[in-house]
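Here is how names work: the chains are called A, B, and so on, in the same order as the sequence lines, proteins then strands, and each is numbered from 1. What's counted below: heavy atoms across the whole structure, side chains too, no hydrogens, waters or symmetry copies.
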Amino acid sequence: MRHVISLLIENESGALSRVSGLFSARGYNIESLTVAPTEDASMSRMTIVTVGSDEIIEQITKQLNKLVEVVKVVDISEAAHIERELMLIKVRATGKDREEMKRTADIFRARIIDVTDASYVIELTGNQSKLDAFLGAIDSSLILETVRSGICGIGRGDRVLKI
Amino acid sequence: MVLTGAEIVIRSLQEEKAEYVFGYPGGAVLHIYDALFQQENVRHVLVRHEQAAVHAADGYSRSTGKVGVALVTSGPGATNAVTGIATAYCDSIPLVIISGQVPTAAIGQDAFQEVDTVGITRPCVKHNFLVRDARDIASTIKKAFYLARTGRPGPVLVDIPKDVTAAKAEFEYPAEISMRSYNPVVKGHHGQIKKAVQLLLEAKRPMIYTGGGVILADAAEALTKLTRMLGFPITNTLMGLGGYPASDRQYLGMPGMHGTYEANMSMHYCDVLLAVGARFDDRVIGDPNHFASEPRKIIHVDIDPSSISKRVKVDIPIVGDLKEVLEEMIRQLEAGTQRPDAEQLAPWWKQVEEWRSRECMKFKNSDEIIKPQFVVQKLWEVTGGDAFVTSDVGQHQMWASQYYRFDQPRRWLNSGGLGTMGVGLPYAMGAQLANPGRPVACVTGEASIQMNIQELSTCKQFRLPIKICNLNNRYLGMVRQWQQLFHGGRYSESYMDSLPDFSRLAESYGHIGMKVERPGDVEGALREAFARKNDLVFLDFQVDPTENVYPMVQGGKGLTEMILSAEDL
Ligand SMILES: Cc1cc2nc3c(=O)[nH]c(=O)nc-3n(C[C@H](O)[C@H](O)[C@H](O)COP(=O)(O)OP(=O)(O)OC[C@H]3O[C@@H](n4cnc5c(N)ncnc54)[C@H](O)[C@@H]3O)c2cc1C
Ligand SMILES: Cc1ncc(C[n+]2csc(CCOP(=O)(O)OP(=O)(O)O)c2C)c(N)n1
Ligand SMILES: [Mg+2]
């Protein structure tokens with residue numbers, strides 16, 4: 001099963017490698033990992049997307065909690081939550097493809113944020129499947145480059161991850 | 001008060017009441033050694049190899065419960081220390097290791113004797129720090145000691161660049177430390193404990209299985225009281241020996257790969273298992289699927305939630321400090337109306353006694369050749385069961401654990417988790433320094449002892465009257481045993497050729513050496529050695545090279561699938 005784990009961690013050098021080292025040392029999967037400081041600069045928030053059986057996920061959260069610099073861990077995918085990912089994609093946009101590309105971007109509510117004679121850079125946010133769908137909808141031979149941020153997640157409603 | 005970083009390091013160690021620092025100097029720690037030189041409270045023990053420094057600090061800790069301290073230089077000093085750190089980590093031993101680092105400005109420049117010590121040690125420490133400012137030294141050392149000894153204990157490393165030890169800063173040792181990200185649970189959940197006590201009272205075939213956690217938590221007394229109240233059979237893992245008196249009738253011996261028949265059968269066929277500070281290691285339960293094939297309810301008490309339901313599903317998890325939890329169980333039992341019912345347990349005890357009557361620890365003694373088990377039995381007799389016993393890793397380790405009956409905690413020092421050959425002598429050094437005047441024996445093998453034999457020199461310098469009992473079988477015996485049983489008798493590289501004459505080697509270090517070749521001489525030699533209260537004696541016992549450790553559960557097999565003796569092969 002796919003899980004989205006959010007955690008708060010002291011914003012100290014080396015903290016990221018403790019987390020990534022834990023995953024590699026114990027053979028846990030990382031599908032994506034994002035990290036940035038929170039509104040309190042002494043703390044970072046990390047979102048990790050991982051896959052594993054219930055037992056493995058239980059061990060992952062316990063092991064993460066055990067790291068001295070980790071302040072709090074929640075599996076936000078246990079309840080209603082929102083996931084967002086940002087993708088930037090550079091495509092060839094010439095001739096009839098140029099118009100077609102713009103139309104597809106509009107349908108997905110993507111924004112064209114850089115334009116040259118021959119290319120666009122398109123910005124798209126959404127959950128993973130929306131980004132995948134966009135990639136599926138355009139002619140793959142036109143893709144020059146893509147970059148995805150990995151997932152950020154947050155619980156819906158009253159669920160708050162804070163100290 | 002304004003001090004140099006180096007002085008702050010030493011003052012902080014004084015504040016932590018560190019008696020001994022085991023270490024080895026070098027460029028990056030010269031300021032620290034200079035500060036050490038100018039005071040007398042913290043005593044330094046100069047080892048002959050940094051690995052032994054960490055092991056000795058570890059042995060000091062195992063025998064006392066205090067935090068052990070080691071000091072090493074950057075680069076090779078730190079890498080030599082890694083085996084020691086990993087060994088302590090695997091057995092949850094509280095240590096603080098201070099390592100020198102190249103000056104801050106040189107970090108990342110491939111400087112002389114630079115390694116990424118924090119990176120190299122990250123997976124084998126509870127936590128580590130790189131101190132970049134002299135103002136942070138005191139609070140970091142305070143945190144290091146606090147982290148090392150609280151929660152699930154473990155080694156903590158503090159890496160300090162040379163310029164930071166030279167810089168000056170105001171020294172004030174923090175009285176207290178609090179970390180928002182680190183708050184180990186101490187008290188167990190009252191309701192869970194209540195459920196557990198109820199289950200224990202209802203059990204028809206109960207079993208208590210305890211481990212290193214009992215030793216680490218200093219909970220032997222509470223465990224003994226609870227076990228006697230309940231009247232249940234009990235087993236202690238290799239790390240938990242001495243947690244419950246081995247000479248007591250309720251004690252069934254060690255479980256696991258080389259555990260007793262009665263302990264393993266009881267672990268397997270019980271209906272309620274109370275697991276206390278033990279982590280269902282693969283050397284203990286064998287194949288987890290085979291273990292799960294027999295239904296039983298499991299209560300698991302541990303301070304580390306990640307130890308619970310890791311390899312075996314648990315019915316009643318209790319997270320907390322063992323001593324607190326066991327004492328709470330005792331209180332609830334005393335307060336409740338229901339008492340453990342001896343009659344209800346009688347059929348189970350009958351079964352247990354039947355298993356025990358197999359006498360699985362019996363061995364065929366000989367008049368011609370010294371049996372290694374016999375040496376350990378005699379060691380137990382001669383020391384009245386009251387020695388600190390360290391061991392290395394191999395067959396001799398298993399025989400020491402099987403035939404020396406530990407009635408008290410912190411008397412048995414060995415590397416269980418990492419299984420590090422070479423710990424025996426440095427563990428004995430740490431134990432002897434911590435317990436002056438007390439008998440300390442190191443049961444070792446001719447291969448293991450050579451992994452830190454240079455420490456005979458340290459023992460001379462610090463006058464450590466350790467008794468080394470070398471069970472010399474001329475083989476990497478444990479390797480030879482596996483090759484005999486599972487690799488068609490192809491003894492690939494397991495013969496120890498070109499051995500030194502150990503007794504003469506010991507003499508050349510200024511100690512006493514004794515070579516013992518006949519069974520009839522074993523006891524006399526041991527008595528003579530222990531009578532020499534001020535000397536290190538190296539007893540080189542020439543033992544039967546063909547002897548194997550039994551009982552044995554093959555790796556990956558079930559607990560009940562035991563080879564009890566050579567006749568079972
Ligand atoms: C050659 C060889 C053969 C071996 N054969 C055997 C064998 O036959 N039988 C055997 O038993 N072992 C054997 N071992 C040892 C084995 O590898 C493990 O090291 C050992 O079984 C683990 O012991 P443990 O379960 O007691 O856990 P430990 O490693 O001692 O762990 C202690 C547990 O207690 C917890 N704890 C610590 N402090 C507290 C506290 N204050 N409160 C609550 N909980 C706490 C920790 O979180 C941890 O889960 C062998 C090792 C070697 C090298
Ligand atoms: C540092 C290290 N290297 C290798 C091993 C693997 N190993 C386990 S037991 C053993 C043999 C030990 O021989 P000895 O010390 O003579 O003890 P014996 O088994 O003969 O009693 C070896 C090589 C180990 N445990 N540690
Ligand atoms: Mg040997």
Side-chain angles (χ1 to χ4, degrees), chain A residues 1 3 5-28 30 33 35 37-46 48 50 52-75 78 160-163, chain B residues 86 89 92 104 107-108 116-133 136 140 143-144 146-148 150-159 177-185 279-280 288 292 300 302-314 317 319:
Chain A
M1 264 279 283
H3 288 252
I5 294 170
S6 287
L7 57 93
L8 293 173
I9 187 166
E10 297 289 352
N11 187 7
E12 275 168 27
S13 76
L16 173 61
S17 50
R18 287 185 210 279
V19 173
S20 61
L22 168 69
F23 275 75
S24 61
R26 294 188 182 264
Y28 305 144
I30 299 186
L33 185 158
V35 60
T38 60
E39 77 283 6
D40 168 0
S42 70
M43 210 152 51
S44 295
R45 173 148 172 168
M46 217 178 257
I48 303 169
T50 183
S53 63
D54 290 352
E55 291 79 42
I56 288 180
I57 298 299
E58 182 182 334
Q59 268 297 312
I60 289 177
T61 50
K62 284 175 170 177
Q63 294 291 348
L64 284 170
N65 260 312
K66 203 166 137 179
L67 292 177
V68 167
E69 283 159 343
V70 168
V71 183
K72 224 165 190 179
V73 181
V74 270
D75 181 348
E78 272 180 344
V160 169
L161 172 57
K162 212 174 162 79
I163 53 163
Chain B
Y89 181 70
S92 307
T104 320
I107 291 179
D116 174 10
T117 303
V118 164
I120 288 175
T121 57
R122 188 175 296 125
C124 59
V125 291
K126 178 167 173 183
H127 197 59
N128 57 19
F129 298 94
L130 173 63
V131 185
R132 293 175 173 279
D133 189 322
D136 298 335
T140 306
K143 277 185 199 164
Y146 171 64
L147 289 170
T150 56
R152 180 176 182 166
V156 179
L157 177 132
V158 182
D159 200 28
I177 210 93
S178 92
M179 299 169 76
R180 63 179 170 186
S181 64
Y182 177 78
N183 297 294
V185 180
R279 53 188 176 82
F280 293 93
H300 193 174
D302 204 292
I303 202 158
D304 177 0
S306 77
S307 279
I308 298 178
S309 290
K310 180 168 63 180
R311 307 192 65 243
V312 164
K313 259 223 108 38
V314 166
V319 176

Inset, instruction - Output the distance between atom CG (Leu67(A)) and atom CZ (Arg122(B)), rounded to the nearest 0.5 Å. - result: 10.5 Å
Legend entry - Proximal component of Ser24(A), with respect to chain B [non-hydrogen, under 4.5 Å]: neither
Inset, instruction - Name the region of Val68(A), side chain, backbone, both or neither, that has any atom closer than 4.5 Å to a heavy atom of chain B. - result: both
Check: [Y] and [X] side chains under 4.5 Å, non-hydrogen atoms:
{"X": "Ser309(B)", "Y": "Glu55(A)", "result": "no"}
{"X": "Arg18(A)", "Y": "Asn128(B)", "result": "yes"}
{"X": "Lys66(A)", "Y": "Arg152(B)", "result": "yes"}

Legend entry - Option that, when pairs with chain A are counted at under 4.5 Å, heavy atom only, ranks first among Pro184(B), Gly119(B), Gly151(B), Ser181(B): Ser181(B)
Inset, instruction - Identify the residues of residues 7-16 of chain A whose heavy atoms come closer than 4.5 Å to a heavy atom of chain B, ordered by number, or report 'none'. - result: Glu10(A), Gly14(A)
Legend entry - Inter-chain contacts: residues 57-64 of chain A against chain B, heavy atoms under 4.5 Å: Glu58(A), Gln59(A), Lys62(A), Gln63(A)
Legend entry - Heavy-atom contact with chain A under 4.5 Å, split by part of Ile308(B): both
Inset, instruction - Check whether Pro123(B) gets within reach of chain A through its side chain, its backbone, both or neither, counting any heavy atom under 4.5 Å. - result: neither
Inset, instruction - For Arg132(B), look at atom CZ and say whether over 12 heavy atoms of other residues, nucleotides or ligands are found less than 6.0 Å away. - result: no
Inset, instruction - Output all residues satisfying ring-ring contact (aromatic ring centres under 6.0 Å, His included) with His3(A), sequence neighbours left out; order by chain, then residue number. - result: none
Inset, instruction - Not counting sequence neighbours, which residues clear ring-ring contact (aromatic ring centres under 6.0 Å, His included) with Phe280(B)? List them please. - result: Tyr209(B), His300(B)
Inset, instruction - State plainly whether the residues Asp40(A) and Arg180(B) are in salt-bridge range, i.e. N to O under 4.0 Å. - result: yes
